[in-house]
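Worth saying up front: this structure is predicted, and the values here are computed from it rather than measured. Every chain is numbered from 1, with letters handed out A, B, ... down the list of sequences.
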There are 2 protein chains.
Amino acid sequence: MAKQVKREDIIRAAMDLIAAQGFHGAPMSMIAEKAGVGVGTIYRYFENRDVLIKSIYKEIEERLVAYLTKKYPSEEPVRICFFHIAKGLVTYFTQNPMDFKYFEQFHYSPFGEAHRRNRIFKSAGQPDIFMELYERGLAQQVIKNLPPTVFFNLTFAPIVWSLRDHILGMVAIDDSLAELLVTSCWDSVKI
Amino acid sequence: MAKQVKREDIIRAAMDLIAAQGFHGAPMSMIAEKAGVGVGTIYRYFENRDVLIKSIYKEIEERLVAYLTKKYPSEEPVRICFFHIAKGLVTYFTQNPMDFKYFEQFHYSPFGEAHRRNRIFKSAGQPDIFMELYERGLAQQVIKNLPPTVFFNLTFAPIVWSLRDHILGMVAIDDSLAELLVTSCWDSVKI
DNA sequence: ATATTCTGAATGAATGTTCATTCCTAATAC
DNA sequence: GTATTAGGAATGAACATTCATTCAGAATAT
């Protein structure tokens, strides 16, 4: 088996287990078994458990940021840009529920404490598209005068919570509900 | 020392430790030391660790529900009732940050999985004030036609996230910002 | 072409640590 | 003197990590 393949197997196994059962339900021995490798093998690819967990997070984050910034309509009005990001978030996580669950596990754990929330939108070296949106909105007086943190919370918290409910099967977010949800978030901050 | 006092000491110690460090940073030995009792003593008051953790949750929940339903203006319009609950939430958790942190730890843990979110507003035997609010709002056509879950998320998720940021010192929620925040949540669901 | 040596990836039993829980002894109350 | 409560050392289970050993295949020699 090619080297890269084995690394992928380990990442996949760990991600699925952690997403499904949390960090506790995923001891190294179980990850190894699910990946079809020996426990020791994992340590040939990742220095230790923490490094493995953080690597998985980084991979997911990269995929998500790539998805959101692809075709980002930076020249369009603030409202259009916001809808692009917000709906992109819904689409991406609806299609990749394991990524969502892993993110959530990671975020609410000692690992996640270190990560600042707004950094998610900052792909390495790129300008932060979220802060750009916020500042442009303020300057053009299309959004309320709120601290950036609160603006972020009003626009994204309901989406994240609803995605969670969708993935847990408590509510079905189809296209029309997604539209309604994102519009409502916008309604909360628009002037 | 009176029996009840010792029980309180244990609960207080466990709550503070868990709120500050998470479930991991609070082994039974540490709880015992902080409470000023022997490890074995804890097991005279609580069957095991899980029972202790759930008992603390229940105590906090009772205090919160009591606070929110006290002076609840059930005869007033939906909007007024919503503001009462939402601002009560902000006030309570601003004044009791440890309760908030404990709630958060609990909610994002294997324990919390079992608890359904909307049950928070259901004090034993009482009608669920949240569902009552939602149904009245729908009937009177003052709120958008959304599933209850999404309505809940739009109105409370930004508040919870902002409380978190406030308690972590990332933003200062004073009275005027609280007013703005709660109003914005209402704006997202009102017709 | 075949045999021999070398390399380093893969493995999982063994180790050390961290805890929840138990249980025997000491202290205290009645 | 007996019963109840407190204490904390001892126990055992769960886990992350290590490391001596195996072994397939590459390199080299014959």
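For the segment residues 18-28 of chain A, residues with any heavy atom less than 4.0 angstrom from an atom of DNA chain D are, sorted by number, Pro27(A), Met28(A).
For the pair Phe46(B) CZ and dT21(C) P, the computed distance is 13 Å after rounding to whole Å. Rounded to a whole Å, the CZ atom of Arg44(A) is 17 Å from the P atom of dC23(D). Whole-Å rounding puts the Met30(B) CE to dA20(C) C1' distance at 14 Å. Regarding Arg49(A), its CZ atom lies at a distance of 9 Å from the P atom of dC15(D), rounded to whole Å. Taking atom CD1 of Ile31(A) as the reference point, atom P of dA10(C) lies 17 Å away to the nearest angstrom. Rounded to a whole Å, the CD1 atom of Ile42(A) is 13 Å from the C1' atom of dC15(D). Between the CD atom of Glu33(A) and the C1' atom of dC15(D) there is a distance of 15 Å, rounded to whole Å. The distance between atom CG of Asn48(B) and atom P of dC19(C), rounded to the nearest whole Å, is 18 Å.
Side-chain proximity of Tyr43(B) to dT22(C), dT17(D), dA6(D): nearest is dT22(C).
Residues Val37(A) and Asp9(A) have side chains not in contact (no heavy-atom distance under 4.5 Å, counting atoms from C-beta outward). Side-chain contact between Glu179(B) and Asp175(B) is absent, with no heavy atoms from C-beta onward closer than 4.5 Å. In this structure the side chain of Trp186(B) reaches within 4.5 angstrom of the side chain of Val189(B), judged on heavy atoms.
Here Lys6(A) reaches the OP1 or OP2 of dA10(C): one of its side-chain N or O atoms lies under 4.0 Å away. Proximity of Tyr45(A) to the phosphate of dA9(C): no side-chain N or O atom is located under 4.0 Å from OP1 or OP2.
Shown here are the salt bridge (charged side-chain N to carboxylate O under 4.0 Å, His left out) partners of Glu135(B), two or more places apart in sequence or in another chain: there are none.
Of the possible donor and acceptor atoms, none in the side chain of Tyr45(A) sits under 3.5 Å from a partner among the backbone N and O of Leu52(A).
Here Lys144(A) pairs with Asp187(B) in a salt bridge; the nearest charged N to carboxylate O distance falls below 4.0 Å. Using a cutoff of 4.0 Å between basic side-chain nitrogens and carboxylate oxygens, Arg7(B) and Glu59(B) are scored as salt-bridged.
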Output one line per pair: protein atom, nucleotide atom from nucleotides 13-16 of chain C, and distance, for all N/O pairs under 3.5 Å.
none

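Between Thr94(A) and the choices Ile173(A), Leu163(A), Leu89(A), the side chain to side chain contact (heavy atoms under 4.5 Å, CB included) rule is met once, by Leu163(A).
Shortest non-hydrogen contact noted between Met131(B) and Pro148(B) is SD-CB, 4.2 Å.
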